[in-house]
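Note: hydrogens, waters and symmetry copies are ignored here, and every other heavy atom, side chains too, is used. The structure displayed is predicted, hence computed values, not measured ones.
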Amino acid sequence: MDGHGEMGLIGEHFDPGFVGRMREDGYESRRTQMKTQLERHENVILRQENDKLRAENDLLKQAMSTPVCNGCGGPAVPGEISYEQHQLRIENARLKDELSRICALTNKFLGRPLSSSGSPIPSQGLNSNLELAVGRNDFGGLNNAGTTLPMGFDFGDGAMMPLVKPVVHEMQYGRPAFVDAALSAMDELIKMAQMDNPLWIKSLDGGMESLNIDEYRRTFSSNIGMKPSDYATDATRATGLVYLRGLALVEALMDANRWVEMFPCMISRAATIDVLSSGTGGTRDNELLMIDAEFQVLSPLVPVRQVRFIRFCKQHSEGVWAVVDVSIDASQGAANAQMCRRLPSGCLIQDIDNKCSKVTWVEHSEYDDRAVHHLLQPFLSSGFGFGAHRWLATLQRQCDCMAILMSQDIPGEDNTGITPAGKKSLLKLAQRMTYNFCSGVCASSVHKWEKLSVGNVGEDVRVMTRKSINDPGEPHGVVLSAATSVWMPITQERLFDFLRDERMRSEWDILSHDGPIQEMVHVAKGMEHGNCVSLLRGNAGNANKNNMLILQETWSDASGAFVVYAPVDISSISAVMNGGDSAYVALLPSGFAILPCISPNYHGGRNDSNGPLVKLETDGSVSGGCLLTVGFQILVNNIPTAKLTLESVETVNNLISCTIQKIKASLP
């Protein structure tokens with residue numbers, strides 16, 4: 001068919017809308033083609049960019065695997081470097097830059113220039129001087145026959161004592177400075193712990209050792225600056241054996257909760273606020289912590305010492321450990337806390353055998369003593385308050401307690417009517433009672449106490465109040481606390497024996513109604529008969545008239561003595577004795593703390609009072625006189641929103657005065 005025929009055929013069947021549809025189809029086809037071309041172009045560009053990034057990544061990997069030293073041009077570290085190591089190098093460079101910017105501020109507090117290397121804590125040892133110091137210290141390496149059970153005093157599931165989360169203040173210098181301060185403090189601790197060292201001067205009776213300040217200043221430079229002119233120095237050292245392996249002791253010291261449980265009468269609160277360096281190889285070796293803590297003396301006349309410090313742990317050889325503290329922020333502290341600087345302090349621990357270890361404890365601090373009552377100033381300045389022998393004596397007593405509690409046969413113990421689970425629960429309840437008593441006497445920040453100023457109350461008596469709400473371990477309502485400390489011209493041992501003797505209780509306890517007291521349960525907590533937890537029953541001749549028992553804990557050691565008690569409901573304590581949960585037993589503790597001390601008018605070797613002068617014995621105990629702290633906590637109203645009346649304050653004040661008068665009148 002010719003072309004004209006074809007055109008004719010097309011014309012016969014021509015559709016007028018066909019051209020429009022063809023145009024639309026052509027437009028869509030061209031748009032699809034352009035879109036496809038653009039996508040192909042973008043894919044080419046992305047592929048090129050991907051190849052470029054891959055090539056750059058390969059170059060970076062090659063450069064990371066073969067780093068070059070800027071100083072010598074040679075390889076910096078042989079072998080392949082992981083991504084984590086590369087990130088650590090970047091972080092290290094950033095820290096170096098940060099350290100250089102704040103070096104001037106840091107020098108103000110440390111008193112000497114810092115190294116700007118920013119090196120992390122070494123894993124093989126602190127330095128050569130430290131290794132040599134250990135060798136000269138009778139702390140040679142001993143065989144470490146495995147591990148022991150971890151140290152713990154909660155007697156239950158987890159930590160029992162509530163800890164207040166501290167307010168995290170702005171850090172004043174970086175981690176390299178902390179590391180530098182920790183290494184220097186560890187070196188100082190080792191040297192100060194050496195035996196027969198000229199740093200220490202023994203007293204004439206061979207008892208307590210005092211620091212030779214001149215020798216100390218020649219030997220060491222301060223890590224926290226010069227001592228303020230109005231600050232006093234307290235530096236003591238003590239050595240003894242404890243029935244605990246070194247590793248278990250280290251674990252307890254590096255855990256803030258267990259540390260508080262080990263020293264409940266010395267530490268009111270502690271919390272780890274930062275882990276600056278974790279241990280090496282899953283151990284505590286080279287672990288560096290930042291800790292907030294409150295240290296206390298069981299007297300309302302001594303303010304709590306609120307301190308922020310770093311704690312560094314180091315294993316020097318097999319079975320030989322050291323734990324050291326040093327303040328890092330001396331300017332921080334609450335308004336009611338005593339300003340204190342903790343210079344390098346801590347302990348050296350050496351395993352003797354698979355049961356015990358040798359501990360050398362060093363305590364060194366500088367504090368503002370202007371807020372301390374004049375009655376307690378000799379107590380602190382003589383080293384009795386926060387001295388090394390007090391820490392060591394407390395540690396020894398707690399370790400003896402653990403050994404006794406794990407023993408099957410305890411002489412003198414009477415557990416009639418109590419199951420093994422009940423014994424554990426009873427001890428946990430007594431632990432809480434002791435902790436709350438110390439909190440009420442020392443006014444720590446654990447409880448929100450409000451101090452009261454009442455005209456009829458003596459200036460040496462501190463009265464405080466707080467509201468108890470939603471706490472199953474306390475009765476609900478308004479709680480009133482009153483405490484004071486007085487000088488007693490009698491030895492610690494005689495006063496302790498008098499106060500713990502249930503046969504003499506009616507002589508001083510005006511709430512016993514002059515009735516007989518009977519001991520129902522006796523749980524030993526030490527080799528000494530007076531270290532125990534007991535249940536006392538009043539009006540033993542007619543039990544139907546009284547549905548209350550008295551839970552009491554007593555102990556005595558070279559650091560002091562303690563008698564604390566609280567009335568408890570018979571039904572509640574019966575459940576505890578059968579293994580029930582002691583957390584729901586409501587109690588408010590009262591009691592006594594006995595502190596060994598010299599006469600309040602003793603001045604540098606002469607005694608101006610009629611009271612006897614304390615003599616420090618070779619075993620660390622004292623004789624001649626003591627300080628007695630009396631504390632009461634009373635529920636004055638079972639409605640938490642009720643207002644405190646003046647009559648309630650006068651009642652608890654009279655209770656303290658009458659109790660002290662009765663004690664003095666009953667003693668020969």
Side-chain angles (χ1 to χ4, degrees), residues 164 166-167 169 224-236 265-270 292-309 325 327-343 345 363-387 390-391 438-455 457-466 481-487 560 593 595-604 627-631 656:
V164 177
V167 179
H169 296 264
I224 56 177
M226 298 297 295
K227 185 190 77 169
S229 58
D230 52 356
Y231 273 32
T233 299
D234 182 9
T236 54
C265 296
M266 302 185 66
I267 309 169
S268 60
R269 179 194 60 82
D292 266 355
E294 287 182 359
F295 301 105
Q296 63 188 8
V297 169
L298 292 181
S299 171
L301 307 183
V302 180
V304 296
R305 292 184 177 181
Q306 188 178 61
V307 188
R308 170 171 292 182
F309 56 90
D325 301 340
S327 289
I328 56 172
D329 188 356
S331 63
Q332 173 242 305
N336 64 336
Q338 183 183 20
M339 298 300 296
C340 176
R341 298 158 25 118
R342 190 163 174 79
L343 279 72
S345 304
E363 278 296 316
H364 189 190
S365 61
E366 296 169 347
Y367 62 97
D368 185 359
D369 64 346
R370 290 173 296 180
V372 180
H373 192 278
H374 66 86
L375 181 66
L376 274 294
Q377 286 181 351
F379 175 70
L380 296 184
S381 62
S382 60
F384 287 113
F386 296 95
R390 186 181 177 212
W391 289 94
C438 297
S439 172
V441 168
C442 302
S444 68
S445 61
V446 175
H447 291 118
K448 296 181 179 179
W449 291 104
E450 179 183 353
K451 186 177 180 180
L452 302 177
S453 297
V454 183
V457 177
E459 60 178 8
D460 295 341
V461 179
R462 181 166 62 190
V463 180
M464 302 178 299
T465 184
R466 62 182 174 88
S481 172
T484 189
S485 295
V486 295
W487 163 255
L595 307 174
C597 187
I598 63 176
S599 171
N601 293 326
Y602 174 69
H603 303 286
L627 287 167
L628 176 64
T629 294
V630 184
I656 283 187

| task | Look up atom CG in Asp369 and atom CG in Asp230, then write down how far apart they are to the nearest 0.5 Å. | result | 8.0 Å
| Residues that Arg342 engages under salt bridge (charged side-chain N to carboxylate O under 4.0 Å, His left out), provided they are two or more places apart | Asp325, Glu363
| Roughly how far, to the nearest 0.5 Å, is the CZ atom of Phe295 from the SG atom of Cys340? | 8.0 Å
| said: In the structure I gave you, are the side-chain heavy atoms of Tyr231 and Met339 within less than 4.5 Å of one another anywhere? | reply: yes
| field | Pairing residues for Cys442 by the side-chain contact (heavy atoms from CB on, under 4.5 Å) criterion, not counting sequence neighbours | value | Gln296, Leu298, Val304
| message | If I compare all heavy atoms of Ser485 with all of Leu375, which pair ends up nearest, and what's the gap? | response | O-CD2, 3.6 Å
| request: Given side-chain contact (heavy atoms from CB on, under 4.5 Å), test Ile328 with Arg308 step by step and report yes or no. | output: CA-CA 6 Å; Ile328 56 172; Arg308 170 171 292 182; 3.9 Å; yes
| said: When you measure from the side chain of Ser345 to the backbone of Leu343, do you find a donor-acceptor pair of N or O atoms at a distance under 3.5 Å? | reply: yes
| field | Approximate separation, where rounding is to 0.5 Å, of Lys227 NZ and Thr233 OG1 | value | 3.5 Å
| Do Leu380 and Val297 have side chains that get closer than 4.5 Å, going by heavy atoms? | yes
| message | Can you classify the ring geometry of Phe379 versus Phe384 as parallel (below 30°), tilted (30 to 60°) or perpendicular (above 60°)? | response | parallel
| What are the two closest non-hydrogen atoms of Pro300 and Arg462, and how far apart are they? | CA-NH2, 3.2 Å
| task | For Leu452 and Thr465, run side-chain contact (heavy atoms from CB on, under 4.5 Å): C-alpha distance rounded to whole Å, both residues' side-chain angles, the deciding distance at 0.1 Å, then the answer. | result | CA-CA 7 Å; Leu452 302 177; Thr465 184; 4.0 Å; yes
| task | Check whether any side-chain heavy atom of Arg341 sits under 4.5 Å from a side-chain heavy atom of Tyr367, and report yes or no. | result | no
| Reported OG1-to-CZ distance for the pair Thr236 and Phe386, which is rounded to 0.5 angstrom | 11.5 Å
| field | Between CD on residue Glu294 and CZ on residue Arg305, distance to nearest 0.5 Å | value | 13.0 Å
| query | Is any side-chain heavy atom of Leu627 less than 4.5 Å from a side-chain heavy atom of Leu376? | reply | yes
| Closest heavy-atom pair and its distance - Ala482, Val463 | CB-CG2, 4.3 Å
| query | Is it true that the side chains of His373 and Asp460 contain a donor and an acceptor less than 3.5 Å apart? | reply | yes
| task | Looking only at non-hydrogen atoms, find the nearest pair between Gly631 and Val441 and report the distance. | result | CA-CG2, 4.4 Å
| request: Taking side-chain contact (heavy atoms from CB on, under 4.5 Å) as the test, write out the residues that go with Ser439, two or more places apart. | output: Ser444, Val446, His447, Trp449
| field | Within-4.5 Å side-chain heavy-atom neighbours: Val307 and Ser327 | value | yes
| With no hydrogens and no angle check, is any side-chain donor or acceptor of Arg390 less than 3.5 Å from a backbone partner on Gly385? | yes
| query | Which heavy atom of Asp234 sits nearest a heavy atom of Gly383, and at what distance? | reply | OD1-CA, 3.8 Å
